[in-house]
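Below is one structure, written out as structure tokens, with a few remarks after it.
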Amino acid sequence: MKTGQEIISDAIFMRIGAAADRIQMDSYVVGGFVRDQLLGRPCKDIDVVCIGSGIALAEEVAKEFDLPDHAVSVFKNFGTAMLKVDDWELEFVGARKESYQRDSRKPLVMEGSLEDDQNRRDFTINAMAVQLNQSNWGHLLDPFNGIADLKSKIIRTPLEPGVTFSDDPLRMMRAVRFASQLGFDIFPETFEALQREKDRLEIISFERISEELNKLILCSKPSYGFLLLDACGILPLIFPEFVKLKGVDTEEGKGHKDNFYHTLQVLDNIADNTNDLWWRWAAILHDIAKPQTKRFVKGKGWTFHGHEEMGARQVPTIFKRLKLPLNEKMKLVQKLVRLHLRPIALSKEEITHSALRRLLFEAGDELEALMTLCRADITSKNGEKVKRYLRNFDLVEEKLKEVEASDSIRNFQPVITGEMIMHVFDIGPGKEIGLIKIAVREAILEGKIRNDFESGWDLMIHEGKSLGLSPMISKEDFLNTIS
């Protein structure tokens, strides 16, 4: 492990220390930066605690680097200041101690010593500090044996864990998240406190809970974090829909796979291939409606018909409750959930150009995400079965590329528009417009006509007449009006 001086070997720390010495203020780099340096993990976020005003120290550091006054972002309510130097993110705060009331998440904050500040830290591995002042340059302070816990790969609270978690219940989510990110175990007494104090999370906003949950989902093996959340009883409180996937029913000697553990495997699989948070959310939610759609059919077994459509309809509700964005990110997840069976079905049957065109049209720009999800969805203890399915997916992807190259169908827009239909038949908006547009679109997707003006015009006229409409302008005259 590195020494304190090795932790702060970069020149930026010497200059922060020089600024602190000028205003006679003891200062220390603390928390995550120290932890990550000892673990050999990259980190560009520096938290500096000083005995005095963090804002005053930030302003002095800005002078040290000849930065303008507006370079310092001040948050007076929290007594903190932030500063960016090259690619370093610096945050300054005065040492403090906190006390809590049982029914409130907001602490009473008072100025304190470095010892007070370390006592209020969440975990021993985040409570280490290295002094920046020249008089004690590089002195490492580790009052709770955080280095030993790093070596033992343990998440442990510096004080009695029930007090730590009751004071700030979000630390329970952080305990699981750090364990998942670092591949650490949670110390038994700390884990028991998670189980005891889990109901305290009800005073934490879902925005903050989901922020921690998203960080967990972005871990290299996110299933570990979900299993910890489930084991300590937090998962049913924050994500009950997921917990309902657990369990296996048996009828006539036939069972189905446990969709909870299957989903975790799919999540780990997709995590091996993408760091996109929303692709990973699609993996989490792809089978979310299986409990509601589960049916046993005699002589056949268990079915989950329509779970993809029902699941897609549940996505907005889940995102809204978890305070996740209800924008294009949610719509991406919804589309992937809705379509996740389509490529799998294509891989099992003879592939028609019509089916490929429809998949290209419906997936659009999300085709890569969809195929990544579908590959992740192949989970089986039978390695040969997995290889066979993956080979079939290779074939589907090759055919998709061929159809896309010849038909340019992805995100296509039929050449026959609603405005054109209204002009030709001299009618206003109405259901006839939609019926004709659908007929033209379906004919293109089925390969019956090409997506060009000549083919589209003839079908438009035919469909219009079938609806009792008569063209009020010839093809030639129409072309003249738009030329």
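Count residues from 1 along the sequence. All values below come from the heavy atoms of this structure, side chains included, with hydrogens, waters and symmetry mates left out.
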Could you tell me whether the side chain of Asp87 and the main chain of Lys44 form a donor-acceptor pair under 3.5 Å? no

Let me confirm one number: the OG-CG distance from Ser73 to Leu83, rounded to the nearest 0.5 Å. 8.0 Å

Any chance you could lay out the salt bridge (Lys or Arg N to Asp or Glu O under 4.0 Å) test for Arg391 and Asp394, step after step, and finish with the verdict? CA-CA 5 Å; Arg391 285 195 298 269; Asp394 290 340; over 6 Å; no

Under a 4.0 Å threshold between the charged nitrogen and the carboxylate oxygen, would Lys153 count as salt-bridged to Asp185? no

Is there a donor-acceptor contact under 3.5 Å from the side chain of Arg280 to the main chain of Pro222? no

Using the side chain to side chain donor-acceptor pair (under 3.5 Å) criterion, which residues pair with Glu362? Sequence neighbours excluded. Arg342

Aromatic ring pairing Phe304/His307, orientation class (parallel under 30°, perpendicular over 60°, tilted between): perpendicular

Please tell me if the side chains of Leu140 and Thr3 come closer than 4.5 Å, counting only heavy atoms from C-beta onward. no

So, Asp149 and Ser152: side-chain donor and acceptor under 3.5 Å apart, yes or no? no

Rounded to the nearest 0.5 Å, how far does CG of Leu267 lie from NE2 of His286? 10.0 Å

From the list Arg171, Arg35, Arg174, salt bridge (Lys or Arg N to Asp or Glu O under 4.0 Å) partner of Asp122 resolves to Arg174

Is a side-chain donor or acceptor of Gln334 paired with a backbone partner of Ala312 at a separation under 3.5 angstrom? yes

Could you walk me through whether Ile16 and Phe92 pass side-chain contact (heavy atoms from CB on, under 4.5 Å), step by step? CA-CA 11 Å; Ile16 295 172; Phe92 300 85; 4.3 Å; yes

When rounded to the nearest 0.5 Å, the distance separating CD of Glu241 from CG of Leu245 is 9.5 Å

Determine the sole option in Leu38, Val30, Leu141, Val29 for which the side-chain contact (heavy atoms from CB on, under 4.5 Å) test with Met128 is passed. Leu38

Where the side chain of Asp268 meets the backbone of Ser223, is there a donor-acceptor pair that is under 3.5 Å apart? yes

Distance-minimising heavy-atom pair for Ala71 and Leu67: CB-CB, 3.9 Å

Does any N or O in the side chain of Glu160 come within less than 3.5 Å of the main-chain N or O of Val163, such that one atom is a donor and the other an acceptor? yes

Taking the six-membered ring for Trp, are Phe319 and Trp278 parallel (under 30°), tilted (30 to 60°) or perpendicular (over 60°)? tilted

Starting from the C-alpha separation in whole Å, work towards a yes-or-no answer on ring pair (Phe, Tyr, Trp, His ring centres under 6.0 Å) for Phe260 and Phe226. CA-CA 10 Å; Phe260 178 79; Phe226 276 101; 8.0 Å; no

I'd like to know whether Arg208 forms a side-chain contact (heavy atoms from CB on, under 4.5 Å) with Met173, so could you lay out the CA-CA distance, the side-chain angles of the two residues, the decisive distance to 0.1 Å, and finally the verdict. CA-CA 10 Å; Arg208 301 186 69 215; Met173 291 292 298; over 6 Å; no

Test: Arg156 cationic atom under 6.0 Å from Phe187 six-membered ring centre, within 45° of axis: yes

Within the side chain of Asn145, is there an N or O that forms a donor-acceptor pair under 3.5 Å with the backbone of Ala148? no

Would you please indicate if the ring centroids of Phe13 and Tyr28 are separated by under 6.0 Å? no

Would the distance check show the side chain of Asn133 and the main-chain N or O of Met25 forming a donor-acceptor pair, the cut-off being under 3.5 Å? yes

Any side-chain to backbone donor/acceptor pair from Arg177 onto Leu216? Under 3.5 Å, distance only. no

Any non-hydrogen side-chain atom of Glu89 less than 4.5 Å from a side-chain atom of Ile46? no

Mark yes or no for whether Asp117, through its side chain, and Gly112, through its backbone, hold a donor-acceptor pair below 3.5 Å. no

Any side-chain to backbone donor/acceptor pair from Asp276 onto Trp279? Under 3.5 Å, distance only. yes

